[in-house]
Amino acid sequence: EYVLVYQKCKYGINLIAKLGHHLSNPPANKLIEGFFHFLREFMKREKGPYLAASVQVPLLTKQSIQFLLKFLNPKDKQLWGELGANWRIPPEQWPSNQPIPEYEIILSDGCIPSNLHNLSDRPQNF
């Protein structure tokens, strides 16, 4: 439930950062703004960032973190900071003595879009 929502948010942030230069209507920075508005409202239901901060996978990629640093407004940067290490440390910098569990997104209808994991294999007109 709530954990799955946070995992899908992190996955979505990674996708937006990866595809950002292809997005124009709305642009990637506006999509990220929408994600953080959603996160803020969703976290009000659980009275704080504690559960969201505990969600480890998927880790945000280095590209996602750079994207967030560039485009988040001060209010959203503060929220991002409250989410802690699980939302701020990319896989390359994760402590080697702490294995990172695999993450595979499962949609609400049970579909597993495994072909999205390697976006370089997508059709040219994607």
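Nothing here was measured: the structure is a model prediction, and the numbers come from that model.
- One distance of note links CZ of F71 with CG of D76; it measures 13.5 Å at 0.5 Å rounding.
- Under a hydrophobic clustering in which Ile, Leu, Val, Met, Phe, Trp and Tyr are joined whenever their side-chain heavy atoms come within less than 4.5 Å, directly or via other members, F67 and F38 fall into the same cluster.
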Please determine whether side-chain contact (heavy atoms from CB on, under 4.5 Å) holds for the pair N29 and K70, giving the CA-CA distance in whole Å, both sets of side-chain angles, and the decisive distance to 0.1 Å.
CA-CA 9 Å; N29 63 320; K70 182 175 180 180; over 6 Å; no
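- Nearest heavy-atom pair across F35 and C9 is CE2-O, 3.5 Å.
- Residue Q98 places its CD atom among more than 12 non-hydrogen atoms of other residues, nucleotides or ligands, all under 6.0 Å distant.
- The closest side-chain heavy-atom distance from L60 to Y11 is not below 4.5 Å.
- Here the side chains of I65 and W80 are in contact, with some heavy-atom distance below 4.5 Å.
- The closest donor-acceptor contact from the side chain of W87 to the backbone of A52 lies under 3.5 Å.
- Put simply, the side chain of T61 does not reach to within 4.5 Å of the side chain of E92, judged on heavy atoms.
- Counting heavy atoms from C-beta outward, L83 and V55 have side chains that stay 4.5 Å or more apart.
- Within the 4.5 Å cutoff, no side-chain heavy atoms of I89 are placed close to those of L59.
- When all heavy atoms are compared, the tightest approach of P101 to V57 is O-CG1, 3.2 Å.
- Distance CD1/I32 to NE2/H37: 14.5 Å, rounded to 0.5 Å.
- Ring centroids of Y2 and Y6 are separated by 6.0 Å or more, keeping the two rings apart.
- Contact check for S64 versus N14: side-chain heavy atoms found under the 4.5 Å cut-off.
- In this structure, L4 is not a member of the same hydrophobic cluster as I13, with clusters built from ILVMFWY side-chain heavy atoms closer than 4.5 Å.
- Within 6.0 Å of NZ on K77 lie more than 12 heavy atoms contributed by other residues, nucleotides or ligands.
- Between P58 and Q7, the closest heavy-atom pair is CD-O, 3.6 Å.
- Side-chain atoms of L79 and M43, non-hydrogen and from C-beta on, do get closer than 4.5 Å to each other.
- Side-chain contact between Q56 and W94 is present, with heavy atoms from C-beta onward closer than 4.5 Å.
- Within the structure, salt bridge (Lys or Arg N to Asp or Glu O under 4.0 Å) pairs that include any residue of residues 19-36 comprise K30-E33 (at least two apart or interchain).
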Pair N86, K10 - check side-chain contact (heavy atoms from CB on, under 4.5 Å), show working.
CA-CA 10 Å; N86 286 334; K10 292 175 79 174; 4.2 Å; yes
